**Q** 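Dumping the structure here so I can ask a few things about it.
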Amino acid sequence: MNVRRSAAALAAIGVLAAAAPATAAEAAPSPKATVPAGLFGKGDPTYDGVWRQSLALLAQHTAGEKPADRAVTWLTGQQCADGGFASFRADTGTACGGKGAQADTNSTAAAVQALAALGGHDDVTGKAVKWLKAQQNKDGGWGYSPGGPSDTNSTSVVVGALAAAGEKPAELRGKGKTPDEALASLAVPCAEKGGGALAFQPDKKGKLEANADATAAGVLGALGKGFVVEPGNARDKAPACTATGKATPARLADNASAYLIGAAGKSGHLMSAMPGAENQPDFGNTADTVVALAADGWTEQAKTPYAWLEKNAAKWAEQSGPAAYAQLILSAHAVGADPHAFGGTDLVRALDKLGPAPAKQAAAPEKKATEKSGNSVWWIIGVGLVAGIGVGFLFSGRKKNRP
């Protein structure tokens, strides 16, 4: 969700270190890019077209709406002949690969999650799942680009897609290890700084550095869950990082949740971890954290960052675009809150205005919501990690983080 989470390609040179496409601000319209009919948002779709469309459709579906046929058709029409999805194909008559658009795991996984939820697209999702399985690395994980080194965000968003499509990702070891083993190898030991968190990738020396965006994505990956988390029964005792007992995916998720709870602290929000960024709140990562904690059963702990989002995130979503609204809708769903009454903003109606009108409107709230602006915010599209990483919440997304 920063989910994820995962990363959007920037200038075809690297990956976002701390933001999934779902949390990057919507790029301004570009004179070189025409926003096609059927696509959500008005910003340049070059780096996030498929991602933001997938999250928007998934959020509408989760909120009880039936997305417009032309919005769904736009997404299915983006698929490459081999089954993968690129971030955006301006000309679908040009084959992917070579000088054409390049398929990536994050866009493909996001599309699978959306289309699997909507149903009726087994031919599209089937080809996409086959493509995703073929990209699994020997360490059990996935990188943003085929053949690229595994990272937590990409691995987690692919796991969510495979689970949504009815697969059993925990049993998948196409070239050696399983996804669970890949995620475990990226977890920071409890005794070290940032213990319990997950790193995006090891640094050049193999050191693991805690990354909150990757951690939120990793919780979902360890649990085998996607962007949509159903509200569940709250667990009683708050988690703590532990190295005792058997190293299971459940323990990895609990350790990661403990880190996120501590990172949010009393303020209720995560801080930006992007290189060069000012010391400011990270709205997208905070939304991803809500979903991650709820997915792991820490519903009560998730309510604190959700309450902070209600007070502060409406302006961010307005500035950032459709995937930001989608993230907030999915975070509301995860804690059982009403996305129509988000601190005075109707998130669902706001999202609907950014794309084709849904075929079926959800029931309107009894009392008309009024817009309430949030705090003045900043956002950064991203910073590429280049040499040796390959083309790349959050969101994560979930982007990273990942709208």
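Only this structure's heavy atoms are used, side chains among them; waters, hydrogens and symmetry mates stay out. Because the structure is a prediction, the values reported are computed rather than measured.
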**Q** Does the Ser320 side chain pair with the main chain of Ala317, one donor and one acceptor, at a distance under 3.5 Å?
**A** no

**Q** Tell me, do Arg89 and Gln79 make a side-chain contact under 4.5 Å, heavy atoms counted?
**A** no

**Q** Could you go through Trp316 and Gln327, starting from their C-alpha distance and side-chain angles, then the distance that decides it, and tell me whether this counts as side chain to side chain contact (heavy atoms under 4.5 Å, CB included)?
**A** CA-CA 11 Å; Trp316 166 73; Gln327 278 187 282; 3.5 Å; yes

**Q** Which heavy atom of Ala56 sits nearest a heavy atom of Leu351, and at what distance?
**A** O-CD2, 3.8 Å

**Q** Going through the checks in order, is the side chain to side chain donor-acceptor pair (under 3.5 Å) test met by Ser257 and Asp254?
**A** CA-CA 5 Å; Ser257 292; Asp254 282 352; 5.2 Å; no

**Q** Just by distance, do the side chain of Arg251 and the backbone of Gly245 share a donor-acceptor pair under 3.5 Å?
**A** yes

**Q** Answer yes or no: is there a side-chain heavy-atom contact under 4.5 Å between Pro45 and Gln53?
**A** no

**Q** Identify whether the distance between the nearest side-chain nitrogen and carboxylate oxygen of Glu300 and Arg235 falls below 4.0 Å.
**A** no

**Q** Considering all heavy atoms of both residues, which atom of Thr108 and which atom of Gly83 are nearest to each other, and what is their separation?
**A** CG2-O, 4.2 Å

**Q** For Ala357 and Ala68, work out which heavy atoms get closest and say how close.
**A** O-CB, 3.2 Å

**Q** Would you please say whether a donor-acceptor pair under 3.5 Å links the side chains of Ser107 and Asp104?
**A** yes

**Q** What pair of heavy atoms forms the shortest contact from Leu252 to Gly218, and how long is it?
**A** CD2-O, 4.3 Å

**Q** Begin from the C-alpha positions of Asp139 and Ser150 and carry the test side chain to side chain contact (heavy atoms under 4.5 Å, CB included) through to its verdict.
**A** CA-CA 8 Å; Asp139 63 7; Ser150 299; 2.7 Å; yes

**Q** Please confirm whether the backbone N or O of Trp142 pairs with a side-chain atom of Thr155, one donor and one acceptor, at under 3.5 Å?
**A** yes

**Q** Look at the rings of Phe227 and Trp51 and say which category their plane angle falls in: under 30° parallel, 30 to 60° tilted, over 60° perpendicular.
**A** perpendicular

**Q** Parallel, tilted or perpendicular for Trp74 and Phe88, by the 30°/60° rule?
**A** parallel

**Q** Does Lys127 have more than 12 heavy atoms from other residues, nucleotides or ligands lying within 6.0 Å of its NZ?
**A** yes

**Q** So, Thr92 side chain and Gly77 main chain: donor-acceptor pair closer than 3.5 Å or not?
**A** no

**Q** Can you tell if the side chain of Lys66 reaches within under 4.5 Å of the side chain of His61, non-hydrogen atoms only?
**A** no

**Q** Take Phe40 and Gln60, measure what side chain to side chain contact (heavy atoms under 4.5 Å, CB included) needs, and give me the verdict at the end.
**A** CA-CA 12 Å; Phe40 275 79; Gln60 284 186 325; 3.5 Å; yes

**Q** Any non-hydrogen side-chain atom of Pro67 less than 4.5 Å from a side-chain atom of Val72?
**A** yes

**Q** Any side-chain donor paired with an acceptor under 3.5 Å for Asn153 and Ser156?
**A** no

**Q** Let me see the working for Met271 and Asn279 under side chain to side chain contact (heavy atoms under 4.5 Å, CB included), right down to the final yes or no.
**A** CA-CA 7 Å; Met271 300 299 291; Asn279 192 33; 3.2 Å; yes

**Q** Do side-chain atoms of Asn137 reach the backbone of Gly147 as a donor and acceptor pair under 3.5 angstrom?
**A** no

**Q** What closest approach, in Å, do Asp203 and Lys207 show between heavy atoms, and which atom pair accounts for it?
**A** OD1-N, 2.7 Å

**Q** Kindly indicate whether the side chain of Pro202, heavy atoms from C-beta on, has any atom under 4.5 Å from the side chain of Leu186.
**A** yes

**Q** I'd like to know if the side chain of Thr105 and the backbone of Tyr144 have a donor-acceptor N/O pair within less than 3.5 Å.
**A** yes

**Q** Just do the salt bridge (Lys or Arg N to Asp or Glu O under 4.0 Å) check on Lys138 and Glu181 with the steps written out, would you?
**A** CA-CA 10 Å; Lys138 290 182 179 180; Glu181 291 174 290; over 6 Å; no

**Q** Quick one: does Glu167's side chain get under 4.5 Å of Leu172's, heavy atoms only?
**A** no

**Q** Can any side-chain N or O of Gln301 pair as donor or acceptor with the backbone N or O of Ile261 at less than 3.5 Å?
**A** no

**Q** Decide ring-ring contact (aromatic ring centres under 6.0 Å, His included) for Tyr325 and Phe342; before the verdict, give the C-alpha distance in whole Å, the side-chain angles of both, and the deciding distance to 0.1 Å.
**A** CA-CA 11 Å; Tyr325 279 118; Phe342 181 82; 9.0 Å; no

**Q** Taking atom CG of Asp296 and atom CG of Leu223, what is their separation to the nearest 0.5 Å?
**A** 5.0 Å

**Q** Less than 3.5 Å apart, any donor N or O on the side chain of Thr178 or Asp180 sitting next to an acceptor on the other?
**A** no

**Q** Between Gln136 and Pro179, is there a side-chain heavy-atom distance shorter than 4.5 Å?
**A** yes

**Q** Minimum heavy-atom separation for Ala292 to Ala216, with atom names?
**A** CB-O, 3.6 Å

**Q** So, do Gln319 and Phe283 sit near enough that their side-chain heavy atoms are less than 4.5 Å apart?
**A** no

**Q** Can you tell which of Thr152, Leu198, Asn285 makes a side chain to side chain contact (heavy atoms under 4.5 Å, CB included) with Thr215?
**A** Leu198

**Q** More than 12 heavy atoms of other residues, nucleotides or ligands under 6.0 Å from CG of Asp91: is that the case?
**A** yes

**Q** Between Gln102 and Gly100, is there a donor-acceptor pair closer than 3.5 Å when you use the side chain of the first and the backbone of the second?
**A** yes

**Q** Does a sphere of radius 6.0 Å around CG in Asp236 hold more than 12 heavy atoms from other residues, nucleotides or ligands, not counting ones at 6.0 Å or beyond?
**A** no

